[in-house]
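Encoded as structure tokens, the structure appears first; notes follow it.
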Amino acid sequence: GDYISAIEWYHRTLESTTSSDGLCKLYYNLGNSYYRMASELDDMDEVLGHLMMSKTMYRKVLNEKSEHVSAAINLELTRRLIVERKREQEERDKREQELEAELEKIRQQLITHIEEQSHIQKLTQSKIEQFQIIASLSPQQKVLSDKTLDTIDLYEALRKNFFKDAPPEAFPFAESREFTRAAEKDESQASEDLLAQDHAVIKVQDSALDNLRKALAALDQDQNQSQS
């Protein structure tokens, strides 16, 4: 129903109502309207606000007529619902904080991977320019590849812990995860190329860096969208 219009009308009518019975009826109808409107809202702050108004109106009824059974029953139901909704809000807030903490962990790892890959690439370039053996950098590149695999595992844990009821294609951080997977493949290939003394490894390292930066950008973008 059009509860907004009804609530406005009841409040206007209150201004010209003086009888106890008339006030009780208006307060009771306001309590019901706020309660029913709360059930149609999605924003938890608005839901709680309307339930608090509903509770206030039922109390006003009982202040006028303490024997009003329906108001007493509805007041108790509203109190219980407020407690339940507050608990749900606390659980949701806690869940969001945990999600943000896990995302920040992934974000910091991606930043570290970018720094390490950039450092390895600079060392590779320097050795190539100085006609030095680049195979010695292969273990360092392999370690980075293993670290990136660990980051991919964090994405999977994120999906299972926070989005297990959603289909895999609905995972909001899938794009960032796929860029990270592509980066790991590049890093693994770069490790093999370094071992083989293949100077074309620079292009592979470029690709790894590009994918890591895209993964970080996608993570930030997806996080902003999920919070909007």
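Keep in mind that this is a model prediction, so the values were computed, not measured.
Side chains of Tyr27 and Asn63: no donor on one and acceptor on the other come within 3.5 Å. At a cut-off of 3.5 Å, with distance as the only test, no side-chain donor of Gln221 or Glu175 sits close to an acceptor on the other residue. Checking Asp186 against Gln205 by side-chain atom types alone, no donor-acceptor pair falls below 3.5 Å. A donor-acceptor contact closer than 3.5 angstrom links the side chains of Asp193 and Gln189.
With sequence neighbours left out, the side-chain hydrogen bond (donor to acceptor under 3.5 Å, both in side chains) criterion links Gln89 to Asp45. Not counting sequence neighbours, the partners of Lys65 by the side-chain hydrogen bond (donor to acceptor under 3.5 Å, both in side chains) test are Asp21. Residues satisfying the side-chain hydrogen bond (donor to acceptor under 3.5 Å, both in side chains) test with Glu184, not counting sequence neighbours, are Ser145. Judged as a salt bridge (Lys or Arg N to Asp or Glu O under 4.0 Å), and not counting sequence neighbours, Glu64 has no contacts. Not counting sequence neighbours, the partners of Arg181 by the salt bridge (Lys or Arg N to Asp or Glu O under 4.0 Å) test are Glu156, Glu178. Judged as a salt bridge (Lys or Arg N to Asp or Glu O under 4.0 Å), and not counting sequence neighbours, the contacts of Glu88 are Arg85.
In this structure, Trp9 is a member of the same hydrophobic cluster as Leu14, with clusters built from ILVMFWY side-chain heavy atoms closer than 4.5 Å. Cluster annotation: Leu154 is connected to Leu99 through the hydrophobic network of ILVMFWY side chains, with a link wherever side-chain heavy atoms come within less than 4.5 Å.
Side-chain heavy-atom separations under 4.5 angstrom define the hydrophobic clusters, and the remaining members of the one that includes Ile134 are Leu123, Ile128, Leu137, Leu194, Val201, Ile202. Cluster partners of Leu144, by chain and number: Ile120. The rule joins Ile, Leu, Val, Met, Phe, Trp and Tyr whenever side-chain heavy atoms lie under 4.5 Å apart. Grouped with Leu77 in one hydrophobic cluster are Val69, Ile73, the linkage being side-chain heavy-atom contacts under 4.5 Å among Ile, Leu, Val, Met, Phe, Trp and Tyr residues.
Under the 3.5 Å distance criterion, the side-chain polar atoms of Gln197 are matched with a main-chain donor or acceptor of Ala135.
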Show your reasoning for whether side chain to side chain donor-acceptor pair (under 3.5 Å) applies to Glu116 and Gln140. CA-CA 9 Å; Glu116 291 181 357; Gln140 191 173 347; over 6 Å; no

Step by step, would you call Glu104 with Gln108 a side chain to side chain donor-acceptor pair (under 3.5 Å)? CA-CA 6 Å; Glu104 182 59 22; Gln108 290 303 320; 2.6 Å; yes

Steps toward side chain to side chain donor-acceptor pair (under 3.5 Å) verdict (Ser191, Ser138): CA-CA 5 Å; Ser191 177; Ser138 179; 3.1 Å; yes

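The two residues Leu219 and Ser176 make their nearest non-hydrogen contact at CB-OG, 3.5 Å.
Residue pairs meeting the ring-ring contact (aromatic ring centres under 6.0 Å, His included) criterion with at least one member in residues 192-217: none, sequence neighbours excluded. The list of side-chain hydrogen bond (donor to acceptor under 3.5 Å, both in side chains) pairs with a residue in residues 127-137, not counting sequence neighbours, reads Gln125-Glu129, Ser126-Gln130, Gln130-Gln132. Here ring-ring contact (aromatic ring centres under 6.0 Å, His included) pairs that include residues 134-155, with residues two or more places apart or in two chains, number zero.
In this structure, Tyr28 has its ring center closer than 6.0 angstrom to the ring center of His68.
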